[in-house]
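One-based numbering, in listed order, for ligands and for the atoms of each.
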Amino acid sequence: MAQLAQVIVDVPTMQTNQPYSYQVPPELENLIQKGMRVSVPFGKGSRQVQGFVVGLDQPTDYQGELKPISALMDLQPVLNPELLELSHWLADHTYAFWISSIYTMLPNALKAKSKRLVMPTTSLPDDERQQLFGDQPMLDLATVQDQPTVVSHLLRLRRQHQVKIEYQLTDRARAKTMLAIRPVLNFEQLENERQLLKANAHAQNALLSYLETIQNKTVLQTTAEQTTGLSSAIFNTGVKKGWLEKLSVEVYRQPQSQSQLPDDHHLQKPLQLNDDQSAAVKQINHSIDQQEATTYLLEGVTGSGKTEVYLQSIAKALETGRTALMLVPEISLTPQIVNRVKARFGSTVAVLHSSLSVGERYDEWRRIERGEAKVVVGARSAIFAPLTNLGLIILDEEHESSYKQDESPRYHAREVAKWRSRYNHATLVLGSATPSLESRARAMKGVYQLLRLPHRVNKQPLPPIQVVDMREEIKQRGESNFSASLLNKLNDRLARHEQSILMLNRRGFSSFMMCRDCGQVLKCPNCDISLTMHLDSHTMKCHYCGHEEPIPYRCPNCGSREIRYYGTGTEKVERELNQLLPQARVIRMDVDTTRRKGMHEKLLRQFGQGQADILLGTQMIAKGLDFPNVTLVGVLNADTGLGLPDFRASERTFDLLSQVSGRAGRANKQGEVLIQTFNPDHYAIRYAQANDYEGFFKREMALRHQASYPPYYYTVRIMASHPDEAVAARVVTRLHQLLQKRLLPSSIILGPTPRPIARMKRRYYYQIVIKYKRDPGLHAALFDILQSTQSRGFNDVQVSIDPDPQYFM
Ligand code: ADP
Ligand code: ZN
Ligand code: ZN
């Protein structure tokens, strides 16, 4: 008899999504589980590689020649059955390798270099403890993993919860050492020492007694001091007298103990819902009750109380005995939302924060895996949180492009959320003030259920938006980042002790050209996408179709010579602001001032406490902030995003302006917004000014339809890179020919062209963009490309395939 296991092996140079079969050692039959890691011999010379068990057969009378698994590396699966199945789908769906999908789901502590420590639990009988552990508190699994009898023994004990396994990072820099003590003398010798003591040497007497109790054990000095109440000076005396020695020992980071968790006595009560909120919650909660995998699109203007809808739906999921997962675009940008979830649900909440250390992240992951945490809040990768029994998934700000990962596996959290929703019969809520065109179009078709919150909770109208034409301003007052009306309004707030938020739009880079007289951005005649300037060739290029033209010296629209790059930095703006309004207290928030851990939260807290009058920042301040004293929002340059070579440029600009406008007047004071732009007539700005999502949606949909872009077409980008430009170009041309043969004529293949950022890290990039509606041959063709470019003929060529790319840089 023998059992076969299917294993996905981790061999970087020879990746395949095809599992290999291995024999399970007889001792491990029926004990090994899917989702466990193994070490297996692979390839010529049978070197040992790591792999994941993804399939198991029933034991049969297999007589073949397959090699056996060399070692079992886990005592319990590191991936549960749902995540294992998801990893397979993910690889297939995103044109990634299965192994990289698996790694994406695991916390770093479970990747390659971590120690796997087996420890006895209190229920382990003494004789077995002695047999397996001897005098040691723990056992490194690596030292016994290739002994099937020991491993099978441990597997059985693990199932009965008589041993547990913990993963520790073996990063030397992180290893923590502490001072410990150990008696040097035995009991008799210690008693002899006691005879020599003076009668009043109470402390030394106590130390001797203590040393007698610990015998030859090693004890942390802090523990010894706490137990005895003796000072460290007494221990030093002990060292001098030769009673004990000091040594430093490695200690493992303490997992977060329950006592460190916030206490749950002051949980915030749910708010009384208004009618719109109530209607939304009712529908969502009905789906949760019915265990329906329905997707809701919650379209609520800024300040309409979407978060309260999320919270009361989460409460419903918990009530029905299930768990909930909530994603936010970037957790450090939305501390207020996270705090509200914690305030409502207390210690059942796990937060997967990007600034957690590897160890802290693993602690949170483990709390989730053990079922101690039932609500998870996190950014994109939290979509893989090992929650079981999911009842609700929420994606806040579902339109945000940060939900798409821009390295392999190139997944979109929204698609993964839909998968997990179907798998768990969990309800999915996509929330946004400005839904992505894709989601909104699906809601129109009835694929998603549309829920609307059209009014602000405070019953205030959305703040009025004034658009300032910077072309006029600069003509009259010369170069400045601040128009006269913006300065007036800022002065006004200072006098009234109200706060202002100023946003400098820094999206993208400054390689496109705009006319400062007429606002014209140079665009491709074929694609209606802005041209990118290339200084090497002194041309303007279209990165969609390859169109190329000389860099103009005059504006092709109005003839002006005032045509230049666009781009400005926050520091420069801050300096100008200090000159113009020396009395204003300014907090600057950008990548420079928030690079250090915790700075983001700190700056926001200071602003919230009124320690500054103006918060000046990049788009990182646009999201989720809820400060009641902010009554003015100013956007210094609304158009930078419009110039990017991307068909989503208008949508992103509209989203950003709507988001940031929503920061004003959220409490009982009326707010207002001022937008400075060189393109006051651009429809994205016009519709944002009118707070008209509906109008923008219709207009943009018409444009997408005309130009065959999403949501009418799907897109996929194929990129090839090589240190030698000619090689990259040749490969991508070959791929292009192959695709032309295998795709339907109705699919549109753009390119090949150099990528907008054509050279990165000493490699040249070329790309092809495919637009398609339905093309049954596409998936297989792309996988063939992925697989064939792994082979020898493609030495050092890297090919990546990006489904539904969010950016085309
Ligand atoms: P959104 O996420 O839609 O921009 P929020 O959820 O941040 O809006 O809500 C805006 C403000 O309104 C918050 O301060 C919130 O506490 C408050 N709020 C939400 N719902 C209610 C309610 N039903 N009653 C009173 N205040 C509410
Ligand atoms: Zn012009
Ligand atoms: Zn073009």
Side-chain angles (χ1 to χ4, degrees), residues 266-285 296-316 324 326-331 333-345 375 377 392 394-400 429-436 439-440 450-463 465 499 501 503 604-605 607-609 619-631 633 654-671 673 688 691 693:
H266 311 289
L267 292 187
Q268 187 204 68
K269 298 238 158 40
L271 300 173
Q272 182 75 40
L273 298 178
N274 64 29
D275 290 350
D276 292 328
Q277 286 175 316
S278 190
V281 168
K282 204 170 150 208
Q283 285 212 49
I284 295 168
N285 287 2
Y296 288 98
L297 178 59
L298 179 65
E299 182 182 316
V301 298
T302 51
S304 60
K306 293 186 288 293
T307 313
E308 189 60 31
V309 171
Y310 302 150
L311 294 176
Q312 300 206 11
S313 307
I314 293 172
K316 178 73 186 182
M326 175 167 169
L327 295 195
V328 293
E330 211 202 304
I331 233 165
L333 303 190
T334 45
Q336 289 179 319
I337 291 188
V338 176
N339 289 339
R340 281 176 67 186
V341 180
K342 281 206 218 152
R344 186 73 53 93
F345 301 108
V375 179
V377 186
L392 174 69
I394 294 162
L395 246 81
D396 187 32
E397 313 283 8
E398 68 89 30
H399 62 277
E400 277 292 327
V429 177
L430 308 175
S432 176
T434 54
S436 63
S439 292
R440 180 53 195 271
L450 187 59
L451 301 170
R452 277 212 177 93
L453 305 178
H455 309 293
R456 286 194 145 185
V457 170
N458 61 8
K459 304 219 173 61
Q460 299 266 11
L462 285 166
I465 300 176
Q499 291 174 299
I501 289 180
M503 185 181 75
L604 288 181
R605 199 163 48 242
F607 188 64
Q609 289 165 351
Q619 43 268 52
M620 64 169 70
I621 61 172
K623 279 174 230 156
L625 303 183
D626 191 13
F627 294 117
N629 200 33
V630 171
T631 57
V633 164
F654 177 84
D655 290 350
L656 183 63
L657 295 179
S658 308
Q659 286 297 328
V660 71
S661 302
R663 300 309 118 214
R666 293 174 70 87
N668 40 27
K669 291 177 195 158
Q670 169 73 40
V673 179
N691 274 312
Y693 175 81

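- Of all atoms in ligand 1, numbered sequentially from 1 with element shown, those under 4.0 Å from a heavy atom of D626 are 11 (C), 13 (C), 14 (O).
- The backbone of L273, and not its side chain, has at least one atom closer than 4.0 Å to an atom of ligand 1 (non-hydrogen atoms only; backbone = N, CA, C, O).
- Close contacts between ligand 1 and K306 involve ligand atoms 1 (P), 2 (O), 3 (O), 4 (O), 6 (O), 8 (O) [criterion: under 4.0 Å to a heavy atom].
- E398 and S439 are linked by a side-chain donor-acceptor pair at a separation below 3.5 angstrom, with hydrogens and angles left out of the test.
- Of the candidates R340, Q277, Q312, R340 brings a heavy atom nearest to atom 15 (C) of ligand 1.
- Taking distance alone, with nitrogen or oxygen atoms compared against 3.5 Å, T302 stays at or beyond that limit from ligand 1.
- No side-chain heavy atom of L395 sits under 4.5 Å from any side-chain heavy atom of M326.
- Checked against a 3.5 angstrom limit, the closest N/O atoms of G305 and ligand 1 fall inside it.
- Using a 4.0 Å cut-off between heavy atoms, Q272 contacts ligand 1 through its backbone alone, with no side-chain atom that close.
- A heavy-atom distance below 4.5 Å is found between the side chains of F345 and L311.
- Applying the side-chain hydrogen bond (donor to acceptor under 3.5 Å, both in side chains) test to Q268 and every residue at least two apart in sequence or in another chain returns R344.
- At least one side-chain heavy atom of D396 sits under 4.5 Å from a side-chain heavy atom of I337.
- For atom 1 (P) of ligand 1, the choice among P270, S278, G303 with the nearest heavy atom turns out to be G303.
- The shortest separation from a heavy atom of S304 to ligand 1 is under 4.0 Å, placing the residue in contact.
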For a quick test of your reading: what N or O donor-acceptor pairs under 3.5 Å do the side chains of residues 275-284 make, sequence neighbours left out?
from, atom 1, to, atom 2, distance (Å)
Q277, OE1, N274, N, 3.1
Q277, NE2, G305, O, 3.0

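- Taking only nitrogen or oxygen atoms, main chain and side chain alike, L271 does not reach within less than 3.5 Å of ligand 1.
- In V301, the part holding a heavy atom less than 4.0 Å from any atom of ligand 1 is the backbone.
- The two residues I314 and L392 make their nearest non-hydrogen contact at N-CD2, 3.5 Å.
- Using a 4.0 Å cut-off to heavy atoms of T307, the atoms of ligand 1 that qualify are 2 (O), 5 (P), 6 (O), 7 (O).
- Side-chain contact check for H399 versus P435: every heavy-atom pair is 4.5 Å or farther apart.
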